[in-house]
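Reviewing the structure listed below.
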There are 2 protein chains.
Amino acid sequence: MTRTRIPASAPGVESDVTRVAVSTVIFSLRRDAADCPRLVLPLVRRTRDPYDGLWALPGGWLDIAENLDDAASRTLAETTGLTPSYLEQLYAFGDVARSPTRVVSIVYWALLRADEVDAQVAAHASGGDAPENVAWFDVNDLPTLAFDHNQIVDYALWRLRNKAGYSRVAHGLMADTFTLAELREVYEAILGRRLDPANFRRQVENSGTLVRTDSFRTGNHRPARLYRPHRDVELADRGPLAATSSTHESSTT
Amino acid sequence: MTRTRIPASAPGVESDVTRVAVSTVIFSLRRDAADCPRLVLPLVRRTRDPYDGLWALPGGWLDIAENLDDAASRTLAETTGLTPSYLEQLYAFGDVARSPTRVVSIVYWALLRADEVDAQVAAHASGGDAPENVAWFDVNDLPTLAFDHNQIVDYALWRLRNKAGYSRVAHGLMADTFTLAELREVYEAILGRRLDPANFRRQVENSGTLVRTDSFRTGNHRPARLYRPHRDVELADRGPLAATSSTHESSTT
DNA sequence: CCAAAAGTGTTATCCCTACACCCATGG
DNA sequence: CCATGGGTGTAGGGATAACACTTTTGG
């Protein structure tokens with residue numbers, strides 16, 4: 001699998017042409033020293049001008065025969081080797097001044113299941129795909145990024161937090177089964193505030209998005225019931241490709 | 001002011017290049033025979049292949065030295081001669097199969113004040129900017145459009161309806177002053193259902209987005225107080241260019 | 001006076017929040 | 001048995017929806 005990034009000059013670059021790139025803000029979770037889940041995202045270190053040496057969002061040039069979504073998936077696969085559990089277009093950034101040459105970046109954002117990322121990080125460390133140029137950063141502790149990528153990450157974070165408030169996107173970060181406390185921790189990591197365990201339980205139970213299993217997670221205290229996502233429950237609201245329908249309410253809990 | 005559209009072939013077109021176009025879904029209001037406001041949008045008749053003769057969204061090619069927002073504004077001005085009261089990026093459409101040549105369309109959606117459109121329609125009829133190729137259509141009675149433009153309009157409509165539910169975008173369709181009944185009619189036209197006048201009044205009064213004036217609209221019955229939009233009230237939630245902040249709630253009434 | 005729209009009041013219901021409280025397990 | 005997290009119950013507040021009711025105009 002070859003690496004593609006956003007170089008300033010591709011072979012045969014023409015400075016009088018507007019080129020289209022695709023980048024992706026990939027969110028996942030990693031537990032910190034205190035075993036508390038933190039939002040993290042992978043960045044790629046640039047090896048060319050402009051911004052040589054700075055960290056940037058994973059991305060690449062849009063191929064002439066490639067759909068936008070496919071380009072985002074490819075980007076994501078080349079960076080992490082994984083399939084996202086959620087992928088959505090974020091915004092098209094195209095200011096003239098955002099790059100020395102004219103580049104319109106179609107930016108996506110994605111969620112990766114935490115358990116799969118752990119496996120991937122191990123695989124990357126052993127595999128030979130130049131892992132030294134990819135690193136995962138805590139979203140609350142980002143360096144200065146290349147181009148307008150700090151701004152882009154801010155916007156993606158806003159979208160994630162906003163969407164977590166009225167849809168079930170956050171489930172895309174979970175493994176197959178999980179306890180309600182684990183799910184609540186994830187929401188707390190995303191929203192950046194504590195949630196009442198009792199009320200959180202009732203909300204997700206009444207939402208119909210989870211089904212109880214007969215298994216329990218045993219630990220230091222009373223065992224907690226495991227849940228799994230309900231099939232047939234979309235993670236988010238309709239996209240531009242959905243059929244005509246009368247569902248025009250995304251702000252429902 | 002010159003007209004720019006989305007021709008299949010621009011001068012010097014190369015079929016091995018991905019080109020970037022900008023189109024805009026422009027919503028406004030027009031009163032029907034029963035004096036009831038209807039959502040309408042302007043379309044442009046194509047005069048080239050592909051889809052020669054079909055109606056399409058107003059748009060044009062992105063200039064190498066032009067920001068995306070500016071291109072959308074230019075498109076809008078060329079079509080209607082007006083400045084939008086609201087303009088927001090909708091989505092980037094870039095499927096390989098959506099056009100014979102590879103075109104990525106950055107699509108915007110906009111709102112135009114109803115009173116200004118009336119003036120513009122008159123001006124267009126007298127002015128010489130080929131008005132016969134621009135026509136306004138009721139959004140509920142659209143013909144088959146060129147490319148994937150029907151799908152795009154559907155998505156823009158969904159976004160407008162959704163956003164009208166939790167923000168004050170709809171105010172962008174109103175004149176300087178208006179009665180609460182007029183504002184309610186607009187919401188009814190957008191949402192496609194009747195609203196309780198009493199509850200609607202309380203909602204917008206408590207929202208703090210309107211200020212009472214001392215004027216009244218006199219008609220066949222009891223005069224209705226005129227309101228005007230409050231300064232310092234954004235029409236919608238934050239966009240990607242907003243500064244870092246902790247406001248991550250767009251679903252507030 | 002009457003019709004109809006402008007505007008006010010009242011109540012039931014739902015959802016969210018806060019918080020008290022019981023349950024089950026490992027140590 | 002006790003500390004701790006899992007899980008349930010409940011009362012108050014705010015927003016909404018339904019609808020009765022009063023006010024003010026033109027005809």
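Letters A, B, ... mirror the listed sequences (proteins, then strands); counts begin at 1.
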In whole angstrom, what separates A/E182's CD from D/dG5's P?
14 Å
Will you find, in the side chains of B/R202 and B/N199, an N or O donor that is under 3.5 Å from an N or O acceptor?
yes
From A/L41, A/L87, A/I26, residue fulfilling side-chain contact (heavy atoms from CB on, under 4.5 Å) relative to A/L112
A/I26
How long is the line joining CG of B/L180 and P of D/dT23, in whole Å?
20 Å
Mind checking what makes ring-ring contact (aromatic ring centres under 6.0 Å, His included) contact with A/Y155, not counting sequence neighbours?
A/Y91, A/W158
Name the residue closer to the 5' end of DNA chain C, choosing between B/T179 and A/A198 according to the nucleotide with the nearest heavy atom.
B/T179
To the nearest angstrom, the CZ-P distance between B/R193 and D/dT16 comes to 12 Å
When the distance from CZ of A/F200 to P of C/dC16 is rounded to whole Å, what number comes out?
13 Å
Pair of N/O donor and acceptor under 3.5 Å linking D/dA18 base with B/N199 side chain
yes
So does A/R202 reach the base of D/dG9 with its side chain, donor to acceptor, closer than 3.5 Å?
yes
Expressed as a whole number of angstroms, how long is the span from B/R217:CZ to D/dT25:C1'?
16 Å
Whole angstrom value for the distance that separates P of D/dG7 from CD of A/Q203
17 Å
Value in whole Å for how far the C1' atom of C/dA5 lies from CG of B/D196
14 Å
Closest non-hydrogen atom pair, A/A189 against A/P37
CB-O, 3.3 Å
With the side chain of A/N220 defined as its heavy atoms from C-beta on, choose the nearest nucleotide among C/dG27, D/dG5, D/dT8.
C/dG27
Less than 4.0 Å between a side-chain N and a carboxylate O, is that true for A/D138 and A/R30?
no
Pull out every residue in residues 222-229 of chain A that has a heavy atom closer than 4.0 Å to any atom of DNA chain D, ordered by number, or say none.
A/R222, A/P223, A/A224, A/R225
Which side-chain hydrogen bond (donor to acceptor under 3.5 Å, both in side chains) pairs, counting each pair once, include a residue from residues 219-229 of chain A, with sequence neighbours left out?
A/E205-A/Y227
Have a look at A/A181 and say if it touches a base, only the backbone sugar-phosphate, or nothing, with a 4.0 Å heavy-atom cut-off.
sugar-phosphate
Do A/P229 and A/M174 make a side-chain contact, defined as non-hydrogen atoms from C-beta onward lying under 4.5 Å apart?
no
In whole angstroms, how far is the P atom of D/dT16 from the CG atom of B/L195?
12 Å
